[in-house]
Structures are given as C-alpha cells and as structure tokens.
Amino acid sequence: MKSRTKEQEFTDIILQHKSIIYKVCYIYAPKGMIEDYYQEVLCNLWQSFDTFDGRSKRSTWIYRIALYTCISFIRRKQPATISLAVDLSTEDDEPLKEQLEELHSVISRLNNIDRALIILWLEGHSYNDIAEITGLTAANVSVKLMRAKSKIKEMFNA
C-alpha cells in the first residue's frame, strides 16, 4: 500500500506542475519531440523522487531536473543547434504571432544556459529563484542575464 501512496503523491505533483515541465520541454525540444523530452523528464523526476529533501520548493526542484534533463537529452541526441518550432496557428493577432516566432527563433540560438536563464526570467522568477534552480549564484545570474539580453538585442538588430 505504501508504494501506491508514493505513486499517487508523484502523480499529484506532476499534475500540479506539468506546465513547468512542458514549458521547459517546449523551449528545448525540436518540433515533434516535445513528448519524448517530457517522458525523459518524468523518468528523471521519478528516479530522483525519493531524494527530494524539501530544502527548496517543489517547483524549483522540478525546474532544475527538467532543465538538466533537456540539456542532457540535447547533448546525447541532438548535438547540432536546436530550432524552436512555434505553432501559433490559433493566434488571430498576426503581428503578435510574428513577434513571438521571432523571439523564439532568437532564444533558440542562445546557448543552453543563456536559454534557461532567459526562460526563467521571462516567467518572472527572481534572480535568487533562478540561482537556486540553475545552481549559479544570484550575482552570476545577474551578469549572465545581462549578457544574454545583450545578445538578444544584437540578434534582433542584425
């Protein structure tokens, strides 16, 4: 009965935080592979489920595993540059659709760490939260984000 409780707890946590996992997978996975990345993240979450010690928020733990899993998956399966596929066909606002596609295109050209930092920053995470998720210091996050934002500006202006 105890293993069922563990499985149910895991399922509840995944259902509660599945949007985090999908966001990270969406940013890193090439078109048609989001589900593969999602499954890989779930496997890694399950394997490390017993080691979660509560020193950080669950969402931080999930972000960290999702980011590391996706980056690792890219290194193993896709050593070449990954392009982001944006399906905004249901979007009625054509200028907004074009801006989002361009933003995703630019973000996809960043290195893995910069991409993770920008995603977390765009979602409104504080530098301290980003530091906890990525394992960097808050000061390092600040510097790297400033540089990543500069790269994005350069790419938009190019």
Side-chain angles (χ1 to χ4, degrees), residues 13-14 16-48 52 55-158:
I13 290 167
I14 295 304
Q16 184 180 16
H17 297 288
K18 71 180 177 183
S19 65
I20 290 173
I21 302 167
Y22 271 113
K23 284 176 197 174
V24 174
C25 293
Y26 177 78
I27 294 298
Y28 284 95
K31 188 174 185 170
M33 291 197 61
I34 292 174
E35 289 300 320
D36 292 344
Y37 279 57
Y38 186 84
Q39 290 300 316
E40 189 82 8
V41 170
L42 288 183
C43 288
N44 286 340
L45 285 168
W46 176 251
Q47 288 174 348
S48 62
F52 177 73
R55 287 188 289 169
S56 63
K57 294 184 273 183
R58 279 264 188 222
S59 60
T60 300
W61 174 73
I62 290 170
Y63 262 117
R64 180 176 280 195
I65 290 180
L67 285 169
Y68 289 152
T69 300
C70 288
I71 291 169
S72 174
F73 201 69
I74 289 169
R75 287 180 180 151
R76 277 195 331 252
K77 303 279 185 191
Q78 306 274 335
T81 302
I82 302 298
S83 64
L84 293 176
V86 180
D87 181 16
L88 299 172
S89 56
T90 60
E91 191 66 53
D92 291 335
D93 188 346
E94 193 62 35
L96 177 61
K97 178 181 175 183
E98 289 174 13
Q99 288 175 344
L100 288 173
E101 287 175 342
E102 187 174 2
L103 178 61
H104 281 275
S105 174
V106 168
I107 290 172
S108 73
R109 290 183 273 168
L110 295 173
N111 67 44
N112 290 330
I113 295 298
D114 289 347
R115 196 181 316 173
L117 294 173
I118 290 294
I119 293 164
L120 293 167
W121 177 76
L122 286 172
E123 288 187 353
H125 290 277
S126 70
Y127 286 11
N128 289 333
D129 286 346
I130 295 171
E132 190 174 348
I133 291 166
T134 60
L136 301 170
T137 65
N140 200 351
V141 166
S142 175
V143 170
K144 287 183 174 289
L145 265 173
M146 186 173 54
R147 289 179 184 158
K149 289 176 197 177
S150 292
K151 288 178 192 174
I152 289 172
K153 285 178 188 176
E154 288 174 18
M155 287 187 252
F156 270 116
N157 294 329

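Quick caveat: nothing in here was measured; it's all calculated off a predicted structure.
Between Leu120 and Val141, every side-chain heavy-atom pair lies at or beyond the 4.5 Å cut-off. Counting only heavy atoms from C-beta outward, the side chains of Ile14 and Leu45 approach each other to under 4.5 Å. Proximity of Ile119 to Tyr28: side-chain heavy atoms (C-beta onward) are separated by under 4.5 Å at one or more points. By the 4.5 Å heavy-atom criterion applied to side chains, Leu42 and Tyr38 are counted as neighbours. Using a 4.5 Å heavy-atom cutoff, the side chains of Tyr26 and Cys70 are not in contact.
How far CD of Glu35 is from OH of Tyr22: 3.5 Å, rounded to the nearest 0.5 Å. Once rounded to the nearest 0.5 Å, the distance linking CG of Leu117 with OG of Ser142 reads 10.5 Å. Here OG1 of Thr60 is found 9.5 Å from NE2 of His17. Values are rounded to the nearest 0.5 Å. To the nearest 0.5 angstrom, Leu145 atom CG is 10.0 Å from Asn140 atom CG. Expressed to the nearest 0.5 Å, how far CD1 of Ile34 lies from CD1 of Ile21 amounts to 13.5 Å. The distance from atom NZ of Lys151 to atom NZ of Lys144, rounded to the nearest 0.5 Å, is 8.0 Å.
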Test log, rule side-chain contact (heavy atoms from CB on, under 4.5 Å), inputs Ile13 and Ile62: CA-CA 10 Å; Ile13 290 167; Ile62 290 170; 3.8 Å; yes
Ile118/Ile152 under side-chain contact (heavy atoms from CB on, under 4.5 Å): CA gap, chis, key distance, verdict: CA-CA 10 Å; Ile118 290 294; Ile152 289 172; 3.8 Å; yes
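Closest approach of Arg64 and Ala131 over heavy atoms only: NH2-O, 4.2 Å. Contact between Leu110 and Ala148 at its shortest, heavy atoms only, is CD2-O, 4.5 Å. In terms of heavy-atom proximity, Ser108 sits nearest to Arg115 at O-NH2, 3.3 Å. Taking every heavy atom of both residues into account, Tyr68 and Gly135 meet most closely at OH-N, 4.2 Å.
Classified by interplanar angle (parallel below 30°, tilted 30° to 60°, perpendicular above 60°), the ring pair Phe52/Trp61 is tilted.
Counted within 6.0 Å of CZ on Arg147, heavy atoms from surrounding residues, nucleotides or ligands total 12 or fewer; the atom is thus considered open. Annotation: Lys57, atom NZ; neighbour count of heavy atoms from other residues, nucleotides and ligands within 6.0 Å does not exceed 12.
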